[in-house]
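Indexing begins at 1, ligand by ligand and atom by atom, following the structure's order.
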Amino acid sequence: MQISMSRFQIKGDERGSLIALEQNKNIPFTIRRVYYIYGAKPDSIRGKHAHRALEQVLICMNGSCEIELDDGVTKTTVKLDRRDEGLYIGPGLWREMRHFSEDAVLMAVASQLYDEQDYIRDYQAFLAWREAAGECAGRPMP
Ligand code: TYD
């Protein structure tokens, strides 16, 4: 499955900590969009879609949440609860985000502008698309 976790380098000193995200360096693509989710109800489920081409890195800036990923055959769940950790999600994976803590802030760094045409929002359509598409190209986090 085209996912990988990476720890970002923390520039820390007596004043506190700083993390820099740079396109094509510690973020393995050109950054075209950043968005963030906060105030998610603890029992809410977000996502429930796949992207045909979009690549993303998810970082939980505060609190915690869980990301369930599905390539049509295998499912895996990743808990995000560190602001120095990024989860790379390659194209073609069904994702669901759940179990948000009340204070969770989930930031997504994305390779494309928002484009509804890139979304597959129906799970059966996703399975059919995966069957037809075969392996989806992703890349490792540096
Ligand atoms: P939605 O896809 O339901 O979010 P999630 O993946 O967290 O379940 O998006 C919620 C709304 O926000 C929907 O009307 C589309 C809009 N939206 C944008 O306008 N730009 C964006 O970058 C994103 C991610 C969503």
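- Taking a cutoff of 4.0 Å between a charged side-chain nitrogen and a carboxylate oxygen, K41 and E102 do not qualify as a salt bridge.
- For atom 23 (C) of ligand 1, a protein heavy-atom neighbour is present inside the 4.0 Å cut-off.
- Counting protein heavy atoms only, atom 17 (N) of ligand 1 is closest to Y114 CE1, 3.8 Å.
- The protein heavy atom nearest to atom 8 (O) of ligand 1 is G47 N, 2.8 Å.
- A salt bridge between D13 and R15 is present, with a side-chain N of the basic residue lying under 4.0 Å from a carboxylate O of the acidic one.
- Among R121, H49, Q56, R33, the residue whose heavy atom lies nearest to atom 6 (O) of ligand 1 is H49.
- Annotation: side chain of E68 is in contact with side chain of R98 (closest heavy-atom distance under 4.5 Å).
- At the shortest separation from atom 1 (P) of ligand 1 among protein heavy atoms lies R46 NH2, 4.3 Å.
- Geometrically, ligand 1 and Y35 share no nitrogen or oxygen pair separated by less than 3.5 Å.
- Salt bridge K79/E66: absent, no basic N to carboxylate O contact under 4.0 Å.
- Ring-centre distance between F126 and Y119: not below the 6.0 Å cut-off.
- A heavy-atom distance below 4.5 Å is found between the side chains of L87 and L69.
- With a 4.5 Å cut-off on side-chain heavy atoms, K48 and R46 do not count as touching.
- Ligand-side atoms of ligand 1 in range of I37: 7 (O), range being under 4.0 angstrom from any heavy atom.
- Considering backbone and side-chain N/O of M97, none are found under 3.5 Å from N/O of ligand 1.
- When distances from atom 14 (O) of ligand 1 to the protein are checked, no heavy atom turns up under 4.0 Å.
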